Amino acid sequence: MPLGKTYDPRGVESKWSERWRRERLFEADPAKGGRVFSMVIPPPNVTGSLHMGHALNNTLQDALCRFHRMDGANTLWVPGTDHAGIATQNVVERCLLEEGKDRHALGRERFVERVWEWKRQAGGAIVNQLVRLGVSCDWSRERFTMDEGLSRAVREVFVRLYEEGLIYRDRYLINWCPRCRTALSDLEVEHEETDGFLYHLRYPLADSTGVIEVATTRPETMLGDTAVAVHPEDERYTSLVGQALVLPALGRRIPIIADDYVDREFGSGAVKITPGHDFNDFEIGLRHGLDMISVMDEGAVMNDNAGPYAGLTREQCRERMVEDFEEDGVLARIEPHRLAVGKCYRCRTVVEPMLSVQWFVRVRPLAEQAIEAVRSGRTRFVPQHWEKTYFAWMENIRDWCISRQLWWGHRIPAWYCTGCGETVVSRTDPAACPKCQAALTRDPDVLDTWFSSALWPFSTLGWPDRTADLETYYPTSVLVTGFDIIFFWVARMMMMGLKFMGEVPFRDVYVHALVRDEAGQKMSKSRGNVIDPLAVMDRYGTDAFRFTLAAFAAMGRDIRLAEDRIEGYRNFMNKLWNAARYVLLQLEGRKVDCEIAEGEELTLPQRWILSRVSALTAAVREAFAGYRFNEIASLLYEFTWHEFCDWYLEISKLEICGPRPDVAREVLAVVLERLLRLLHPLIPFITEEIWQSLPHPGGSPRYLALAPYPHPEPSWRDDQAERAMERVMEVIRGVRNVRAEMNIPPAQRLDLVFRTDSEETARLLLEHAELVRALARVGQVRRVQGSERIAGSATLALSGLEINLPLAGVVDFAGERERLRRELAKLSAELDRVDRKLADRHFLTRAPEEVVSKEEAKREELLQKRALVVRGLELLAEAAGE
RNA sequence: GGUCGCAUAGCUCAGUUGGCUAGAGCGCCUGCCUCACAUGCAGGAGGUCGCUGGUUCGAGUCCAGCUGCGACCACCA
């Protein structure tokens, strides 16, 4: 066995991910039958590079997937990437810029070809990084949101929604990014609190009898004002409603209208109305039939409607207007004001509300079903509280603007007749207008990236065809995702899945936290606090990294990635590695069948460790069922390190020198092999590597990744053995404690004398004297009965058991006395507490009987222990000749 | 403005239906190169579970309020 002293993940990881893939271990077969477990990956952007969010998301998915696959489920995990409209177009445009070109010079067709080329070359990076993370996806089913099949699904959905009137085209106020030069949906606008100003402007009445003061954060929009609104019941203005004002700078006459949207308390109680550049004002404009004027072009440069300000940018215009207004007295005052500025989620440019003709999805009818599906529990959020967020959004959902003025994406399947103006929406490209036979021009726009993402759970399985994959794997079992895309993605998949499949897209939505840095800050390039998962994997190994992520993934809490925790789990991998080294050393050259024969006679530690494995197995399975990843990790960590390594491995060294070494070896092999299977979903590489050199139970597959996930073994459960072993360990720990506190050198052996009324305990200690002697470095183990007194010894007070360690000639008694006094104080304090409780009539009458009797038993034990400590002190005093 | 989440050892975090003498890792202290592992072994110190009330025989755990932090949503010019 050429295993090195420290585990070196390099080589091991790439070896196994290549072999797994080459041998097609993770390719699903719908014909396999049986219980199904299926997932679709949240497709990362093709432009992306693996970040902590991906690492966490995919580690958790992979753990689930491997668990269910091992557990015998017909398992499918569909991988893929998203074409990421704006993001990808931006990346390629930047490339062009470096070459001194731009997309307009290139032309649409060649530009799109260029993006495809980029995708072929650079788009696979994230996929390789996922492979490195160890994901067990079915790569034969890898999809891309722009590939042929998915494009067909997108087109089918678009046409059907259009035919049902759920997609429409209209002129409406939308969010516009002047840099990307495209419309955005509400979700793609990020609101950022910013320090700005509130500008108070004076609009003169047309009859020159006075002025009305209005306030705005964006003075340049006043060029598009078509009214001033006041509250209908505001007496200050009632007489003025219906009159006209003269718009400064342009001299346009605008009416004073009444609308109860206006807050009388704010500012002067009069609001300038700009339907062409403000969402509220747009609504008011609709209500009152106001003119809607755009004063900017697509690049947010002031247009001809801006009169003297035409040609300036929004920012320049604002500056100039403020100067001008200051001069001519229109500006009453400026005050600081905090406001939420909407920015483009891709490029951070300030978004401009603009009037334009766009395509929309009428989402309300779809949302109703999606709400109902979660209400009724057909889809379940874990943790459950996320459903509130989901409901809140769904209930207030607004129509979804789906057209984007980009070149990269699914082109909208709509054509307009150059003759009669007819709109044709079609599954296949039409040649001419079906009405008048005139030529058609195709809508230049593409769809929001999230439109195709919304179809992902069924489009990846072959829809609109009725495929075996679709039959078998839809609805998927669980969607694992971060909460940041519940609206963008989860909600829309729900709507589309219900609409087109008639069934929810996933049974569970497991929502995990965000990964932050150690200080709790969101990781971002601009903050410079990004920890690169690839660097972490290089440094500590992928398994250590995965284990860390799982251990941190407690529900409902953000993850602060602490580097020393990763190091700690790296050490854990090393521990496992060395445990395996030890076991393999013991097995070398021997035949081990890795099974415990029925009726095999086992030692107490053997029965104990098998019972513990069985309990562990049950607990881990339960934790998997509840998506409690941190619990899975800590259960396995605790058992591996502390029960298996610290105790059983040490004990096995004795057993192998004992009368039945083969049984001891068998138990070692059995426990380690099971442990590897239990650990594999979290740490696939190291476990596969070790497993391959270990004997396996008969009928095992060739890879651990396909080996059955262990079940608890009822026949291994042995409460009696667990209790007995716990007793023995308690004695050993006690002795070690005394030794350490007394500073007894390791080589120095102490004798152990015990006294107990329990024959069972006595038998236990005498039978396992060898164990105690070896692990606690004890000389003789002897029982005393009757009145024999052990003078000058250290005393251990255990329940129903007194242990004396004669110290003559070894240590100062004063130290031991000190130790006993501390012990006594502790026992007395606790006894007080228990006594008080048991003296409480309410407690006795109202607490359940078992709780009361537990306290009573505790009292007995404390009393008895205290007596032992007191006696120990007396004996010490005697020995000291006091 | 609305909604949600979080506050537990020096640090990073567990703590599922209330029964805890509150746990882990790292760090710290003591002693060990014990033949799997010094990325280790054995032992130890360290917490009025943010604050104030309430419910209960009993609250880190449930309820209310407060304080602080964070997130999301929102049309207050």
Side-chain angles (χ1 to χ4, degrees), chain A residues 3 5-7 191 198 214-218 221 229 261-263 265-268 270-274 278-284 337 339-340 383 385-386 388-389 392-393 396 483-484 486-487 513-514 516 518 520 522 540 544 551-552 554-565 567-586 622-623 626 628 630-631 634 637-638 645-646 649-650 653 733 736-741 743-747 775-777 826 829-830 833-834 837 840-848 850-852 854-855 858 862:
Chain A
L3 296 183
K5 271 180 111 170
T6 50
Y7 171 59
H191 295 274
L198 196 55
V214 295
T216 178
T217 54
R218 308 190 52 210
T221 62
Y261 151 77
V262 179
D263 177 358
E265 311 299 318
F266 191 93
S268 64
V271 194
K272 62 188 268 311
I273 303 299
T274 322
D278 182 284
F279 288 97
N280 292 314
D281 295 2
F282 179 76
E283 295 295 328
I284 293 178
H337 185 75
L339 66 154
H385 69 255
W386 285 111
K388 272 198 174 179
T389 307
W393 189 72
N396 297 302
F483 59 79
D484 47 336
I486 288 180
F487 306 141
L514 236 56
R516 299 172 179 279
E518 230 161 315
K522 198 167 169 173
Y540 300 101
F552 268 115
M555 279 192 228
R557 195 187 244 243
D558 283 349
I559 296 172
R560 298 192 191 198
L561 198 66
E563 191 130 349
D564 57 3
R565 279 286 285 269
E567 196 181 317
Y569 291 122
R570 189 270 318 263
N571 295 352
F572 176 66
M573 299 309 138
N574 199 234
K575 189 74 182 172
L576 180 64
W577 183 252
N578 277 290
R581 239 158 51 92
Y582 165 78
V583 173
L584 288 165
L585 208 69
Q586 303 308 324
E622 214 170 295
R628 293 190 301 273
N630 64 313
E631 195 177 322
S634 68
Y637 181 95
E638 171 67 23
C645 291
D646 288 350
L649 242 52
E650 292 306 320
K653 290 174 186 172
R733 271 193 285 255
R736 282 171 172 173
N737 182 336
V738 171
R739 296 189 62 108
E741 293 216 0
N743 269 316
I744 296 168
L775 296 185
R777 296 177 174 276
K826 229 197 241 169
E830 208 181 323
R833 215 185 45 80
V834 175
K837 220 171 190 178
D840 185 345
R841 218 159 15 92
H842 297 291
F843 175 72
L844 293 176
T845 52
R846 288 184 214 183
E850 66 205 71
V851 174
V852 175
K854 212 168 123 191
E855 287 298 314
K858 193 185 282 176
L862 287 168

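A note on names: the letters A, B, ... follow the listed sequences, proteins ahead of strands, and every chain is numbered from 1. Everything quoted here is computed from the prediction, not taken from an experiment.
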A/Phe483, nearest nucleotide to its side chain (from B/A71, B/C26, B/C37): B/A71
Sugar-phosphate, base or nothing in reach of A/Arg565, heavy atoms under 4.0 Å: base
Validation row, ring centre A/Tyr569 to ring centre A/Tyr637 under 6.0 Å: yes
Side chain of A/Tyr637 - closest among B/C4, B/C57, B/G25: B/G25
Atom C1', compared across B/A9 and B/C63: separation rounded to whole Å: 28 Å
Pairwise C1' distance for B/C35 and B/G10, with rounding to whole Å: 38 Å
Sugar-phosphate only, base, or nothing, as touched by A/Val262 at under 4.0 Å among non-hydrogen atoms: base
hbond_proxy A/Lys5 side chain to B/A38 base (donor-acceptor, 3.5 Å cutoff): no
Proximity to the side chain of A/Glu830 - top-ranked nucleotide from B/C57, B/U21, B/G43: B/U21
Donor-acceptor pair (no angle test) under 3.5 Å: A/Glu650 side chain, B/A36 base: yes
Shortest side-chain distance from A/Tyr261, nucleotide among B/G43, B/G19, B/C76: B/C76
B/G2 phosphate, OP1 or OP2, under 4.0 Å from A/Lys388 side-chain N/O: no
A/Asn630, nearest nucleotide to its side chain (from B/G15, B/U39, B/C75): B/G15
Side chain of A/Phe843 - closest among B/G43, B/G19, B/A36: B/G19
Touch class at under 4.0 angstrom, heavy-atom based, for A/Tyr569 against every strand present: nothing
